[in-house]
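Just below is one structure, and these are the notes that go with it.
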Amino acid sequence: TLDTLTKCKDSFFSAMFGGYIPLKPCKDGSFFIDRDGTHFHYILNFLRTDELIIPQNKPHLREILLLEADFYQIEELIVKLGGKTQTSKQTPTNEPLFESTILPQ
């Protein structure tokens with residue numbers, strides 16, 4: 001449900017469905033996100049239950065899920081996976097680690 005997807009307030013989905021990102025649904029009313037959906041059920045189950053279950057026979061899965069959690073900006077999942085959140089990636093002075101400028105063409 002939309003409540004499940006937007007459960008984490010600073011996530012990609014909260015921005016997407018909170019009006020911060022212009023959306024154009026597909027003809028069937030769905031939304032296309034250009035990501036490999038192979039492991040999305042782990043993300044969705046985490047959003048539903050706040051639990052992450054990774055099969056022991058898939059040790060590489062933790063790294064893949066960390067990349068996906070970072071893309072979707074699900075900080076609670078990033079922390080659970082042992083990664084650094086956007087907040088913790090900042091320097092002690094709260095200055096961003098990187099700055100970028102888009103130059104006019």
Side-chain angles (χ1 to χ4, degrees):
T1 67
L2 192 56
D3 286 341
T4 299
L5 288 176
T6 58
K7 180 178 178 180
C8 299
K9 298 303 175 200
D10 293 324
S11 72
F12 171 87
F13 296 113
S14 289
M16 181 177 178
F17 295 112
Y20 301 105
I21 298 174
L23 296 177
K24 183 178 180 188
C26 298
K27 289 180 182 180
D28 65 359
S30 64
F31 294 94
F32 176 75
I33 300 171
D34 193 9
R35 297 297 284 182
D36 182 353
T38 305
H39 302 101
F40 188 70
H41 65 279
Y42 291 103
I43 304 282
L44 192 55
N45 285 336
F46 177 80
L47 291 172
R48 288 178 180 139
T49 65
D50 289 327
E51 294 183 31
L52 179 64
I53 300 171
I54 298 176
Q56 289 184 1
N57 64 342
K58 297 184 178 186
H60 66 284
L61 187 56
R62 184 171 293 276
E63 292 176 42
I64 293 168
L65 290 176
L66 185 55
L67 290 172
E68 293 302 296
D70 190 55
F71 175 82
Y72 293 118
Q73 288 301 296
I74 302 172
E75 293 204 8
E76 293 87 342
L77 182 54
I78 293 169
V79 169
K80 191 161 275 226
L81 290 164
K84 292 185 177 184
T85 64
Q86 290 298 320
T87 304
S88 66
K89 288 180 185 177
Q90 292 183 345
T91 60
T93 60
N94 289 328
E95 295 290 325
L97 291 176
F98 303 101
E99 288 188 22
S100 63
T101 304
I102 298 175
L103 300 174
Q105 294 184 8

Face-on cation placement of Arg35 at Phe71 ring, 6.0 Å and 45° thresholds: yes
Pairs of donor and acceptor atoms involving the side chains of residues 51-60, under 3.5 Å and at least two apart or interchain, shall be tabulated with distances.
none

Find out whether Phe32 and Asp34 are in side-chain contact, i.e. whether some heavy atom of one side chain is under 4.5 Å from a heavy atom of the other. yes
Apply side-chain hydrogen bond (donor to acceptor under 3.5 Å, both in side chains) to Thr1 and Asp3, showing your working. CA-CA 5 Å; Thr1 67; Asp3 286 341; 5.0 Å; no
Does some side-chain heavy atom of Gln73 sit less than 4.5 Å from a side-chain heavy atom of Phe13? no
Heavy-atom pair of closest approach, residues Leu61 and His39: CD1-CD2, 3.1 Å
What is the minimum heavy-atom distance between Glu76 and Cys8, and which atoms define it? OE1-SG, 3.2 Å
How close do Ala69 and Leu81 get, counting heavy atoms only, and between which atoms? CB-CD1, 4.3 Å
Got a salt bridge between Asp70 and Lys84, using NZ or NE/NH1/NH2 to carboxylate O under 4.0 Å? no
Contact check, side chains of Ile33 and Tyr72, non-hydrogen atoms, under 4.5 Å: yes
Determine whether Val79 and Phe12 fall in the same hydrophobic cluster, where Ile, Leu, Val, Met, Phe, Trp and Tyr are linked whenever their side-chain heavy atoms lie under 4.5 Å apart. no
Run the side-chain contact (heavy atoms from CB on, under 4.5 Å) test against Asp28 and tell me which residues pass, sequence neighbours left out. Cys26, Ser30
So, taking the atom named CG in Leu77 and the one named CZ in Phe46, what distance separates them when rounded to the nearest 0.5 Å? 5.0 Å
How many angstroms lie between atom CD1 of Ile74 and atom CD of Glu68, to the nearest 0.5 angstrom? 9.5 Å
Return the minimal non-hydrogen interatomic distance between Lys80 and Arg62, and the atom names on each side. O-NH1, 3.8 Å
Does atom CG (Asp10) have a neighbourhood of more than 12 heavy atoms from anything else shown, all under 6.0 Å? no
Exam field: side chain Ser14 to backbone Thr6, donor-acceptor pair closer than 3.5 Å: yes
Please evaluate residues Leu66 and Ile78 with respect to the criterion side chain to side chain contact (heavy atoms under 4.5 Å, CB included), reporting the C-alpha separation (whole Å), side-chain torsions for both, the decisive distance (0.1 Å), and the verdict. CA-CA 6 Å; Leu66 185 55; Ile78 293 169; 4.0 Å; yes
When you compare the side chain of Leu23 with that of Met16, does any pair of heavy atoms fall below 4.5 Å? yes
For the residue pair Leu44 and Leu5, establish whether any side-chain heavy-atom pair is separated by less than 4.5 Å. yes
